[in-house]
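Below is one structure, written out as structure tokens; the observations come after it.
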Amino acid sequence: MRDSGNNKRDFKNILPQGSGPNKKMPGPLTIFVVLMVVWILVNLFMDISTNGIPKPITYSEFYSILQSGQPRIEEVVKKEGFITGRFADGQRFYLYVDPEDKDLLRLLRKSGAKIEIKPAQTFLSSLFYYFGPVVLLVLFYWFFAFRAAQGGGRIWAFGRAKTRGNPAEKVTFDDVAGVDEAKEELKEVIDFLKDPKKYQRLGGKIPKGVLLVGPPGTGKTLLAKAVAGEADVPFFSISGSDFVEMFVGVGAARVRDLFDQAKKAAQQTNKGCIIYIDEIDAVGGKRSGVVYGAHEERQQTLNQLLVEMDGFDSSRGIIVMASTNRPDVLDPALLRPGRFDRRIVVDLPDMNGREAILKVHARNVKLAKNVDLRRIAQQTPGFSGADLANLINEAALLAARRNKDAVTIEELEESIERVMAGPQRKSRAINPEEKKIVAYHESGHALLSLYLDGVDPLHKVSIVPRGVAALGYTLQRPTEDRYLVRRKELLGRIKVLLGGRVAEELVFNEVTTGAHNDLEVASSIARRMVCQFGMSQKLGNVVWEHPGGMPFWEGDGFMDKHYSVQTAREIDEEVKAIIDEAYDEARKILSEHISDLHKLANRLLEKETLSVEEVKGLLGLEEDSGEKTAEDKDNQDTVG
């Protein structure tokens with residue numbers, strides 16, 4: 001339910017601009033007077049500490065000293081009718097004399113003292129000397145006061161939270177797709193923000209904190225904005241890194257100011273509000289015993305956050321939402337019940353979710369009538385919401401570059417390849433010999449993906465360079481989402497990856513560096529089979545390597561290894577045995593179909609890019625009726 005008519009409020013106008021009701025900044029006059037006093041005292045004490053306090057002497061005493069030579073004078077500085085100097089014992093003195101007294105200069109010369117005559121000071125120089133520092137201070141103060149006015153007083157608000165308010169365009173659940181389970185869990189939070197008394201009358205308490213956990217690009221921030229939009233409440237957004245400063249105490253002050261702003265907004269709206277902290281792992285990491293430097297500032301900030309989350313009353317309708325893709329590094333005190341009570345996983349979307357996300361992002365894009373977004377969703381397993389948004393945008397840009405009236409299926413499929421492998425590099429000059437090697441290399445991958453059971457079906461093979469290092473690529477497309485992979489399927493992937501190296505050896509009796517990435521991925525799969533999946537008969541059903549606690553972190557990362565040197569040797573032998581066996585099997589298959597290998601390579605040299613239909617037509621193969629297995633995003637393509 002949303003307020004209507006006169007009950008609507010502009011949340012941007014009710015957000016407090018100060019850091020507290022009783023905090024007042026000093027006035028300009030006070031600051032100016034303090035600066036002047038500090039400047040005068042600093043100059044005075046610097047002069048005294050450097051030269052000591054000078055002693056005044058009379059004109060006649062000075063004459064007597066010059067005539068008697070006692071005490072001896074070391075140096076004298078004469079400036080018109082004013083003389084300063086220093087005795088041999090270090091005592092400084094000063095006196096006023098007649099500027100026209102010539103006998104005085106004669107006696108000074110005889111005394112053997114070091115004499116310095118300074119020119120008379122002009123009116124302008126005197127004026128600058130006495131009033132210059134004052135003018136500079138005034139200009140300094142005026143400059144910063146002006147900047148403060150331009151910046152809304154931010155220069156005097158170093159400890160205030162740098163929050164961002166409600167988005168200009170209201171975001172609702174209609175703008176979020178592919179995360180239906182997360183939306184269902186958040187509907188309870190929205191219902192509480194709209195009508196808190198519904199839960200309070202039965203003694204129920206809404207969770208104080210909701211932690212959104214998931215891989216990058218899955219829409220965690222968008223979900224938080226949608227909750228605020230659905231509940232129609234103020235929204236305070238801030239990044240975890242905004243709390244981290246070089247000066248100790250600033251982060252804690254910003255945490256206090258953030259919660260003060262939220263409490264005032266909740267009181268003024270009589271509804272509630274949402275505090276959203278993006279990438280909370282920047283400030284909420286596990287505390288250690290080191291309490292100096294940056295660690296001390298971060299720990300003070302985290303301590304203040306813990307205190308604030310304990311101190312505010314959830315009945316006011318203030319809910320803290322945060323997001324991270326590194327839940328393993330968060331401090332346990334932050335995750336306990338009473339702070340972040342609820343953890344919601346925002347995972348990568350499945351096929352239906354990807355189709356819904358594509359429809360959301362294609363609302364303002366003119367698509368051709370024959371475009372089937374379901375087909376695009378089938379070809380993009382492992383894509384996040386951000387990847388799919390980028391895909392639609394790339395397709396629109398590509399269609400505009402080609403002067404088309406609408407985005408067709410060709411631009412969408414081309415965008416998939418751009419997102420995964422990079423843009424085409426047709427300008428890259430490759431000599432005929434290397435181009436021939438690449439053609440046979442990619443033909444080896446393509447033929448094995450056709451002749452092996454349990455691998456993803458072939459979609460396209462090309463020898464057009466893409467991205468930074470790929471001289472060609474073989475694309476395989478799954479037909480459905482899969483969450484379990486059999487040992488036979490993993491071995492099939494390894495064989496397809498090794499097909500490029502096998503084809504090079506069969507045809508040219510030589511190998512090249514083009515299989516570097518293929519060997520790296522194949523070795524990684526084989527090692528995981530042995531160390532993590534228990535798929536080695538020799539080493540048994542034992543997990544030898546544990547990922548370093550990073551569930552949403554791409555790449556191998558840190559591996560926690562629990563085995564001896566002897567076991568490490570046996571693991572290496574098992575990995576090599578798997579690779580060697582797959583290599584021999586791939587060599588056997590390609591040797592039996594060597595004529596097909598030559599046909600496909602020669603056609604690639606002519607056309608550069610072939611679809612699966614063209615490949616099967618060239619080789620005289622019938623369309624397979626069965627579906628093949630799906631791969632995860634990292635292993636669905638073979639680029640070599």
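Computed over heavy atoms, backbone and side chain alike; hydrogens, waters and symmetry mates excluded.
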Inset, instruction - Please check if atom CD in Glu185 has more than 12 non-hydrogen atoms from other residues, nucleotides or ligands closer than 6.0 Å. - result: yes
Legend entry - Over 12 foreign heavy atoms within 6.0 Å of CG, Asn431: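 Buried by this count: over 12 neighbours within 6.0 Å.
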Looking at every heavy atom in both [X] and [Y], which two are closest together, and how far apart are they?
X: Leu604; Y: Ala439; answer: CD1-O, 3.8 Å
X: Pro349; Y: Ser384; answer: CD-CA, 4.3 Å
X: Lys220; Y: Thr324; answer: CE-O, 3.9 Å
X: Asn325; Y: Gly214; answer: CB-O, 3.1 Å
X: Leu358; Y: Ala377; answer: CD1-N, 3.9 Å
X: Val283; Y: Leu302; answer: O-CB, 3.7 Å

Inset, instruction - Check each of Asp518, Leu506, Val511 against Arg501 using the side chain to side chain contact (heavy atoms under 4.5 Å, CB included) test, and report the only one that passes. - result: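 With Arg501 as partner, side chain to side chain contact (heavy atoms under 4.5 Å, CB included) holds for just one option, Val511.
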Decide yes or no for [X] and [Y]: does some side-chain heavy atom of the first lie under 4.5 Å from some side-chain heavy atom of the second?
X: Phe340; Y: Ile280; result: yes
X: Leu610; Y: Leu600; result: yes
X: His516; Y: Glu520; result: yes
X: His598; Y: Val507; result: yes
X: Tyr440; Y: Leu590; result: no
X: Thr218; Y: Val179; result: no
X: Ile437; Y: Leu471; result: no
X: Tyr583; Y: Glu505; result: yes

Under a 4.0 Å threshold between the charged nitrogen and the carboxylate oxygen, would [Y] count as salt-bridged to [X]?
X: Lys435; Y: Glu608; value: yes
X: Arg477; Y: Glu417; value: no
X: Arg603; Y: Glu614; value: no
X: Lys436; Y: Glu433; value: no
X: Arg354; Y: Asp387; value: no
X: Arg342; Y: Glu188; value: yes
X: Lys576; Y: Glu573; value: no
X: Lys460; Y: Glu413; value: no
X: Glu355; Y: Lys359; value: yes
X: Arg339; Y: Asp341; value: no

Please report the interatomic distance [atom1]([X]) to [atom2]([Y]), rounded to the nearest 0.5 Å.
X: Ile416; Y: His459; atom1: CD1; atom2: NE2; answer: 7.0 Å
X: Leu397; Y: Asn390; atom1: CG; atom2: CG; answer: 9.0 Å
X: Ile571; Y: Lys538; atom1: CD1; atom2: NZ; answer: 10.5 Å
X: Ile525; Y: Ile578; atom1: CD1; atom2: CD1; answer: 10.5 Å
X: His441; Y: Thr474; atom1: NE2; atom2: OG1; answer: 7.5 Å
X: Ile376; Y: Ile392; atom1: CD1; atom2: CD1; answer: 8.0 Å

When you compare the side chains of [X] and [Y], does any donor N or O come within less than 3.5 Å of an acceptor on the partner?
X: Glu592; Y: Tyr451; result: no
X: Ser564; Y: Gln566; result: no
X: Ser323; Y: Asp278; result: yes
X: Glu570; Y: Thr567; result: no

Inset, instruction - List the steps and the verdict of side chain to side chain contact (heavy atoms under 4.5 Å, CB included) for Asp572 and Arg527. - result: CA-CA 8 Å; Asp572 292 339; Arg527 179 165 289 275; 2.8 Å; yes
Legend entry - Trace of the side chain to side chain contact (heavy atoms under 4.5 Å, CB included) decision for Tyr276 with Val227: CA-CA 11 Å; Tyr276 175 65; Val227 171; over 6 Å; no
Legend entry - Arg528/Glu545 under side chain to side chain contact (heavy atoms under 4.5 Å, CB included): CA gap, chis, key distance, verdict: CA-CA 8 Å; Arg528 294 182 69 185; Glu545 293 180 353; over 6 Å; no
Inset, instruction - Apply side chain to side chain donor-acceptor pair (under 3.5 Å) to the pair Glu574 and Ser536, showing each step before the final yes or no. - result: CA-CA 7 Å; Glu574 279 293 285; Ser536 168; 2.5 Å; yes
Inset, instruction - Check step by step if side chain to side chain contact (heavy atoms under 4.5 Å, CB included) holds for Gln476 and Val496. - result: CA-CA 10 Å; Gln476 295 170 259; Val496 173; 3.6 Å; yes
